[in-house]
There are 2 protein chains.
Amino acid sequence: MTEPAFVRARSPEHKQQRRAAILKAARELATKDGVRSVSLGGVAAEVGFAKSAVARYFGTREEIYLELAAECWREWEAEALARMPEAGPIDALVDPLTERPLFCDLLSQVTTTLEHNISVPAARRFKHEMHEIIRSVGAAVAEHSELTESEGIELVTAAGALAGVLYAAATPSATLRELYEREPEIAVMVPPFEATLKRALAALIAGIPTLRA
Amino acid sequence: MTEPAFVRARSPEHKQQRRAAILKAARELATKDGVRSVSLGGVAAEVGFAKSAVARYFGTREEIYLELAAECWREWEAEALARMPEAGPIDALVDPLTERPLFCDLLSQVTTTLEHNISVPAARRFKHEMHEIIRSVGAAVAEHSELTESEGIELVTAAGALAGVLYAAATPSATLRELYEREPEIAVMVPPFEATLKRALAALIAGIPTLRA
């Protein structure tokens with residue numbers, strides 16, 4: 001063995017621990033530096049495994065982040081469902097997004113980056129789970145608004161899509177931060193995340209029923 | 001000279017030709033293969049220049065694509081303004097997007113990728129121009145709907161953001177195409193670009209005025 005610190009996991013429990021440790025390290029790195037700047041090698045270094053050991057659990061960095069995205073969808077679903085009766089649909093959908101910058105970062109990357117460079121089974125698991133969550137939260141929206149269930153699903157889909165775009169706009173690159181410091185009149189054009197998302201969803205909730213045939 | 005085919009451009013006209021040739025090659029490659037798979041080296045090979053010659057005009061691939069995005073915004077502005085009186089805001093905004101897959105591809109990449117790895121002057125030019133266009137099209141929307149000018153700007157901003165997300169979802173990766181072939185019930189969850197975008201904008205046009213204080 002050229003990796004003295006590494007012993008291959010044998011038991012299912014041990015494997016499960018390894019997997020959880022990798023996801024935890026990826027979550028920490030992505031929270032600190034942003035999803036786009038984290039590599040498979042970086043995750044391996046953070047968790048203290050060889051890169052080849054990480055590859056036994058996740059084929060690519062994108063598969064790690066797709067799994068993290070699935071975890072975030074589940075956490076968000078639980079929060080949104082719990083808050084819906086008291087807070088109403090808009091706050092129940094948006095507040096747990098605002099509180100989860102990593103989830104929003106992942107949402108901003110899922111279609112353009114994370115769904116590339118993954119295996120078909122990983123993609124299938126992710127898509128099935130995401131659609132299940134969107135359906136369940138959409139049904140809850142229908143229960144607590146004038147929207148039908150399919151309109152509720154539309155609203156939840158729009159919330160996820162807009163959260164990704166607004167998050168990306170609200171967390172500019174180093175170049176844009178420099179530009180915004182020099183030219184504050186450009187910076188004021190950046191839409192604030194929470195207020196913009198709530199306003200868009202409020203407009204959609206009011207407008208969608210007017211489109212019924 | 002180690003690059004026998006290359007003679008440095010001396011006159012402003014010659015430089016302008018070079019620049020236009022690089023942009024044309026980038027446009028063709030991105031239209032064929034998608035923005036995310038095109039590199040600075042690929043553009044250089046397509047246009048027949050050395051990579052170092054391309055770098056005299058554009059520091060990075062992202063600067064090439066930011067410039068292409070600006071070109072696409074201008075073309076779209078002209079179309080949207082020309083169609084607005086006859087077609088009304090929704091068709092005038094969406095039809096020229098549907099007809100421009102390259103523009104939608106660029107919109108899907110601007111915030112997450114293209115605004116990184118560029119110079120501050122390139123970012124400034126792009127932001128100023130984009131905001132100018134959004135304001136002019138937003139004002140035209142206000143003229144041809146019940147929306148105020150600032151609400152028209154909101155609608156145009158939403159159209160650009162949603163076009164990027166919907167385009168990315170409607171042009172899946174190779175993995176997802178394979179998955180969709182095997183499991184058509186997942187494929188039907190992919191929202192169709194034009195119909196979804198028009199419906200979202202129609203809901204926003206109806207809903208935004210209900211939010212006035």
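None of the values given here were measured: they were computed from a predicted structure. Each chain gets a letter, A, B and so on, in the order its sequence line appears, and its residues count up from 1. Just the heavy atoms: all of them, side chains too, but no hydrogens, waters or symmetry mates, feed the values below.
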Residue part contacting chain B, namely of [X], when any heavy atom lies under 4.5 Å:
| X | result |
| --- | --- |
| A/Ile118 | both |
| A/Arg199 | both |
| A/Arg36 | side chain |

Next on the checklist: Report, in residue-number order, which members of residues 125-142 of chain A are under 4.5 Å from chain B by heavy-atom distance.
Outcome noted: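 So far as heavy atoms go, A/Lys127, A/His128, A/His131, A/Arg135 are the residues that approach chain B to under 4.5 Å.
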Item to check | Interface residue of largest heavy-atom contact number with chain B, from A/Leu166, A/Val120, A/Val165, A/Asn117, under 4.5 Å | outcome: A/Val120
Where on [X] is there a heavy atom nearer than 4.5 Å to chain A: the side chain, the backbone, both, or neither?
| X | answer |
| --- | --- |
| B/Leu162 | side chain |
| B/Thr210 | side chain |
| B/Ile208 | both |

Item to check | A/Thr175 side chain to B/Ser119 backbone, donor-acceptor under 3.5 Å | outcome: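 Checked: no pair found.
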Next on the checklist: Does anything in residues 186-196 of chain B reach chain A? List residues with heavy atoms under 4.5 Å apart, or say none.
Outcome noted: B/Ile186, B/Met189
Item to check | Close contacts, residues 62-70 of chain B versus chain A, judged by heavy atoms under 4.5 Å | outcome: none
Item to check | Choice from B/Thr157, B/Leu179, B/Ile205 maximising heavy atom contacts with chain A below 4.5 Å | outcome: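 Between B/Thr157, B/Leu179, B/Ile205, the count favours B/Leu179.
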Item to check | With sequence neighbours excluded, residues passing side-chain contact (heavy atoms from CB on, under 4.5 Å) with A/Ser39 | outcome: none
Next on the checklist: To check you understand the geometry: which heavy-atom pair defines the closest contact between B/Ala202 and A/Leu211, and what is its length?
Outcome noted: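 Closest approach of B/Ala202 to A/Leu211, heavy atoms only: CB-CD2, 3.8 Å.
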Next on the checklist: Atom CD of residue position B/Glu146 - does it have more than 12 heavy atoms of other residues, nucleotides or ligands inside 6.0 Å?
Outcome noted: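 At most 12 heavy atoms, drawn from other residues, nucleotides or ligands, come within 6.0 Å of this atom.
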